[in-house]
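Below: the structure, in structure tokens.
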Amino acid sequence: MNTDLHNFESTIEAEKERVYQLEDSDQFAFDTLTAIQSQQSNLFKWLLFSLVVTLSVAAILLQFIFIQPVSISAIGQLIQEVLEDKPHYLALANLSLIGLILMMKKWRVFG
Amino acid sequence: MNASKTAEKSDDELVKLTLEQGSQYFGPLVKRHSDYLFGLGMRLSGGRTELAKDMSQQAFIKAFNYLASFNSNHSGLGDIKAKRFRNWLTGIAVNCHTDLAKAEQKYVAMPEHSSNLEHAKSRFDQQALSDFSELLIPLTTEERQLITLRYVYEYSIAEIAGMLGLTEGTSKSKISRAIARLRLNSDAPVAE
């Protein structure tokens with residue numbers, strides 16, 4: 001091994017001559033592009049996941065605001081009222097909750 | 001997509017096509033520059049293949065994510081059009097190397113009562129070191145990067161400054177300091 005610095009120039013010259021090549025550049029390119037594409041699809045997944053989480057939290061809050069005091073009969077009555085007045089809100093909220101649970105299951109959020 | 005026609009296109013054209021039509025046009029850019037980035041990684045990392053590969057891959061992924069900024073930011077990357085993308089990619093790769101080196105330092109404990117030089121040597125002992133890698137052991141990560149870019153790849157001070165986001169004066173003085181540090185570790189003179 002060369003540690004003498006008076007050989008600095010010759011060491012640099014020798015290094016310039018040295019050629020480095022990836023063993024399998026096609027595989028490397030493929031892996032890199034796959035990583036780029038999966039990163040893009042992960043971003044989409046997380047955007048979708050965030051949207052569903054936001055909707056679900058909003059839905060839960062909405063249901064708590066509407067359903068007070070919390071008793072079985074009151075819940076039943078209020079669900080009926082909400083279903084009559086704003087059925088699409090409740091439907092959206094519950095669909096979001098179901099979606100959230102399915103996504104968490106599919107992406108193994110809890111292992 | 002016709003592969004042979006695509007391979008003939010310039011870097012700038014492929015960047016434009018990637019931005020307009022998607023990642024399928026980024027593949028030829030990866031193939032074209034992967035050996036170059038891998039070589040840079042090997043030189044900066046002291047011949048560690050996995051680190052060099054990681055650096056190259058991270059650099060390509062970052063380059064893809066920030067491709068739009070390449071188109072609008074050509075300043076400081078050199079005058080030769082054909083080299084601009086490579087110079088830009090080199091800057092990204094060097095930043096990736098800095099991040100990887102920092103992450104590595106976090107997890108590799110410094111042995112007690114040892115100098116930086118001994119510590120650095122111990123990290124490389126298992127590798128078949130080239131003379132060049134051994135020459136750069138006394139230097140910091142940034143100094144290794146600057147010496148490699150300046151002397152092995154023969155980039156101008158202006159190009160290095162553009163790649164690393166430094167001023168020309170700072171780049172020059174940092175390179176001089178690295179040379180001075182190499183001198184300190186040897187009685188023999190080092191060319192500037």
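Within every chain, numbering begins at 1; the chains are lettered A, B, ... in the order of the sequence lines, protein sequences first and strands thereafter.
- Ring centers of B:Tyr151 and A:Phe8: under 6.0 Å apart, within the cut-off.
- From B:Gln58, atom CD reaches atom OG1 of A:Thr32 across 11.0 Å, with rounding to the nearest 0.5 Å.
- Between chain A and the options B:Leu37, B:Leu40, B:Asn65, heavy-atom pairs under 4.5 Å are most frequent for B:Asn65.
- Hydrophobic clustering keeps A:Phe30 apart from A:Ile36 (ILVMFWY residues linked when any side-chain heavy atoms are closer than 4.5 Å, directly or through intermediates).
- From A:Thr34, atom OG1 reaches atom CD of B:Gln57 across 9.0 Å, with rounding to the nearest 0.5 Å.
- Heavy atoms of other residues, nucleotides or ligands lying less than 6.0 angstrom from CD of A:Glu23 number 12 at most.
- Using a 4.5 Å cut-off between heavy atoms, B:Glu154 touches chain A through its side chain atoms alone.
- In this structure, A:Glu15 CD and B:Leu135 CG are separated by 9.5 Å, a value rounded to the nearest 0.5 Å.
- In this structure, B:Asp35 and A:Tyr20 have side chains that are not in contact, with every pair of non-hydrogen atoms separated by 4.5 Å or more.
- In this structure, the portion of A:Leu33 lying under 4.5 Å from any heavy atom of chain B is its side chain and not its backbone.
- With a 4.5 angstrom heavy-atom cutoff, B:Phe60 touches chain A via backbone and side-chain atoms both.
- If you tally non-hydrogen atom pairs under 4.5 Å between each of B:Gly41, B:Gly22, B:Ser34 and chain A, the highest count goes to B:Ser34.
- The residue among B:Phe26, B:Phe38, B:Tyr153 with the most heavy atom pairs within less than 4.5 Å of chain A is B:Phe38.
- Residues A:Phe28 and B:Val30 are in side-chain contact: their nearest non-hydrogen atoms beyond the backbone lie under 4.5 Å apart.
- Taking NZ of A:Lys16 as the reference point, atom CZ of B:Arg43 lies at 10.5 Å (rounded to 0.5 Å).
- Taken to the nearest 0.5 Å, the CG atom of A:Leu22 stands 9.5 Å off from the CE atom of B:Met42.
- Within the 4.5 angstrom heavy-atom criterion, atoms from both the backbone and the side chain of B:Ser56 approach chain A.
- Of the atoms belonging to A:Glu13, not a single heavy atom falls under 4.5 Å from chain B.
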